[in-house]
Amino acid sequence: MTLSCCRYYSMYGHVEKLAEQIKKGAVSVEGVEAKLWQVPETLPDEVLSKMSAPPKTDVPIITPGELADADGFVFGFPTRFGMMAAQFKAFLDATGGLWRAQQLAGKPAGIFYSTGSQGGGQENYCVSSPFGSALFNQMLTAITQLVHHGMIFVPIGYTFGAGMFEMEKVKGGSPYGAGTFAGDGSRQPSELELEQAFHQGKYIATITKKLKGSAA
């Protein structure tokens, strides 16, 4: 059995909705088990209340050591000023023990995300973009974490097909991974964005299964 771990941080629920679809996509691959995990919240309840953040769901909270049990990962988080949310970064900062032992090295990992607007940082998750510094910076802040752990970054490229070329409707996501635009918080992931998240889960689960099989 191949274990795919979808680990995320979501304050207002947008990333969590994508995560749920990613899990569904992963388990649609025969022989793959998928689990959802939240990273710990770092803000006190008083602050979250002032930010009108809803209560967390009952999705389990993950500890750094539990990452080593998975064969592949999909990491999701919102942006804060063009960077990954501090809560997610704090969790990654706690994975030093895994890094020293290189327990995550060679394992495939993908990324998905939510931003407030088209200039809110989706490109920043990966590298550098000719279309705007924000989106590229967010990706960059994430990929550096994968690189130091020796993980294999798995983008979705244009494997989502025609959905990647939608021009009539607002759509988050990119060749780097699924995504959504939250706007002022009232906009929820669209059907197309959810379909892309499902596709990403299935795509990465398929690759994870192949890699595990070839290493057996």
Side-chain angles (χ1 to χ4, degrees), residues 4-24 26 34-67 69-70 72-96 98 104 109-117 120-126 134-135 137-146 148-149 151 153 172-174 176-185 187-189 193-194 196-197 200-201 204:
S4 179
C5 172
C6 183
R7 181 179 60 127
Y8 67 91
Y9 173 75
S10 186
M11 179 175 286
Y12 296 105
H14 299 82
V15 172
E16 187 166 68
K17 284 184 172 63
L18 296 179
E20 291 167 352
Q21 291 301 311
I22 285 174
K23 178 183 177 181
K24 290 179 181 179
K35 292 184 177 181
L36 288 182
W37 299 89
Q38 298 185 76
V39 302
E41 180 59 77
T42 59
L43 294 175
D45 290 341
E46 180 182 1
V47 173
L48 292 171
S49 177
K50 291 180 179 179
M51 297 175 70
S52 300
K56 299 295 186 205
T57 62
D58 58 0
V59 172
I61 303 296
I62 193 170
T63 62
E66 289 173 301
L67 285 176
D69 297 331
F73 311 93
V74 193
F75 301 138
F77 34 81
T79 54
R80 298 291 185 265
F81 299 108
M83 306 283 281
M84 70 169 63
Q87 290 88 341
F88 202 89
K89 181 61 167 62
F91 182 84
L92 292 174
D93 287 346
T95 60
L98 297 174
L104 306 181
I111 297 166
F112 64 104
Y113 38 80
S114 171
T115 63
S117 66
Q122 293 204 9
E123 66 274 21
N124 287 339
Y125 276 124
C126 287
L135 178 59
N137 292 340
Q138 193 179 22
M139 282 299 183
L140 179 59
T141 64
I143 288 183
T144 56
Q145 315 295 320
L146 309 186
H148 282 267
H149 276 288
M151 288 186 276
F153 175 53
S174 72
Y176 298 112
T180 187
F181 294 117
D184 62 1
R187 182 184 185 273
Q188 296 300 311
E193 290 170 338
L194 294 174
Q196 187 177 38
Q200 182 174 18
I204 293 182

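Note that the structure is a prediction, hence the values are computed from the model and not measured.
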A.B. asks: Side-chain contact, heavy-atom cut-off 4.5 Å: H14 with R187?
C.D. replies: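 A side-chain contact under 4.5 Å is absent here.
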
A.B. asks: Keeping the roles fixed (side chain from E66, backbone from T63), state whether a donor-acceptor pair exists under 3.5 Å.
C.D. replies: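 Yes.
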
A.B. asks: Restricting to non-hydrogen atoms, name the atom on S174 and the atom on Y113 that form the minimum distance, rounded to 0.1 Å.
C.D. replies: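 In terms of heavy atoms, the two residues are closest at OG-OH, 2.6 Å.
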
A.B. asks: Counting only heavy atoms from other residues, nucleotides and ligands, does the tally under 6.0 Å from CG of D69 exceed 12?
C.D. replies: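 Yes, enclosed.
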
A.B. asks: Please check: side-chain N/O of E193 versus main-chain N/O of G172, any donor-acceptor pairing under 3.5 Å?
C.D. replies: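 Checked: pair present.
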
A.B. asks: For M151 versus A109, what's the shortest heavy-atom pair and its separation?
C.D. replies: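 The pair with the smallest heavy-atom distance is SD-CB, 4.0 Å.
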
A.B. asks: Atom NE2 of H148 and atom CD1 of I143: how far apart are they, to the nearest 0.5 Å?
C.D. replies: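 Between H148 NE2 and I143 CD1, I get 12.0 Å after rounding to 0.5 Å.
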
A.B. asks: On a heavy-atom basis, which atom in L36 and which in V59 lie closest, and how many Å separate them?
C.D. replies: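 Closest approach of L36 to V59, heavy atoms only: O-CG1, 3.5 Å.
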
A.B. asks: Looking at every heavy atom in both C6 and I22, which two are closest together, and how far apart are they?
C.D. replies: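 Reported closest heavy-atom pair: SG-CG2, 4.0 Å.
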
A.B. asks: So, do M51 and Y12 sit near enough that their side-chain heavy atoms are less than 4.5 Å apart?
C.D. replies: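 A side-chain contact exists here, since the closest heavy-atom pair is under 4.5 Å.
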
A.B. asks: Do F112 and F75 come close enough that some side-chain heavy atom pair is under 4.5 Å?
C.D. replies: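 Not touching, per the 4.5 Å side-chain cut-off.
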
A.B. asks: Report the C-alpha distance between M83 and K89 in whole Å, list the side-chain angles of each, state the deciding distance to 0.1 Å, and finish with yes or no for side chain to side chain contact (heavy atoms under 4.5 Å, CB included).
C.D. replies: CA-CA 9 Å; M83 306 283 281; K89 181 61 167 62; over 6 Å; no

A.B. asks: Evaluate the criterion side chain to side chain contact (heavy atoms under 4.5 Å, CB included) for residue pair M11 and L43; output intermediate values, then yes/no.
C.D. replies: CA-CA 10 Å; M11 179 175 286; L43 294 175; 3.8 Å; yes

A.B. asks: Can you tell if the side chain of L98 reaches within under 4.5 Å of the side chain of T95, non-hydrogen atoms only?
C.D. replies: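 A side-chain contact exists here, since the closest heavy-atom pair is under 4.5 Å.
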
A.B. asks: Aromatic contact between Y9 and F88, with the criterion being ring centroids under 6.0 Å apart: yes or no?
C.D. replies: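 No, the ring centres sit 6.0 Å or more apart.
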
A.B. asks: Does a donor on one side chain and an acceptor on the other come within less than 3.5 Å for E46 and S49?
C.D. replies: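 Absent: no donor and acceptor within the cut-off.
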
A.B. asks: Just wondering, do F73 and L67 contact through their side chains at under 4.5 Å, heavy atoms?
C.D. replies: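 Sidechains of F73 and L67: in contact.
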
A.B. asks: Applying the side-chain hydrogen bond (donor to acceptor under 3.5 Å, both in side chains) test to K56, which of E41, Q38, E16 qualifies?
C.D. replies: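 For K56, the side-chain hydrogen bond (donor to acceptor under 3.5 Å, both in side chains) check succeeds only for E41.
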
A.B. asks: Is it the case that Y8 and S114 place a side-chain donor and acceptor less than 3.5 Å from each other?
C.D. replies: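 Looking only at side-chain atoms, S114 and Y8 do not form any donor-acceptor pair under 3.5 Å.
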
A.B. asks: Quick check: closest heavy atoms across F91 and P40, and the distance to 0.1 Å?
C.D. replies: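 Nearest pair, atom of F91 first, then P40: CD1-CD, 3.7 Å.
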
A.B. asks: Indicate the atoms forming the closest heavy-atom contact of K17 with L194, along with that distance.
C.D. replies: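 Residues K17 and L194, closest heavy atoms: O-CD2, 3.9 Å.
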
A.B. asks: Take R7 and K35, measure what side chain to side chain contact (heavy atoms under 4.5 Å, CB included) needs, and give me the verdict at the end.
C.D. replies: CA-CA 8 Å; R7 181 179 60 127; K35 292 184 177 181; over 6 Å; no

A.B. asks: Taking the basic N atoms (NZ, or NE/NH1/NH2) and the acidic carboxylate oxygens, is any pair closer than 4.0 Å for K24 and E20?
C.D. replies: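 No, this pair does not count.
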
A.B. asks: Taking L146 as the fixed residue, which of I111, L92, L104 is the one that meets the side-chain contact (heavy atoms from CB on, under 4.5 Å) rule?
C.D. replies: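 That would be I111.
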
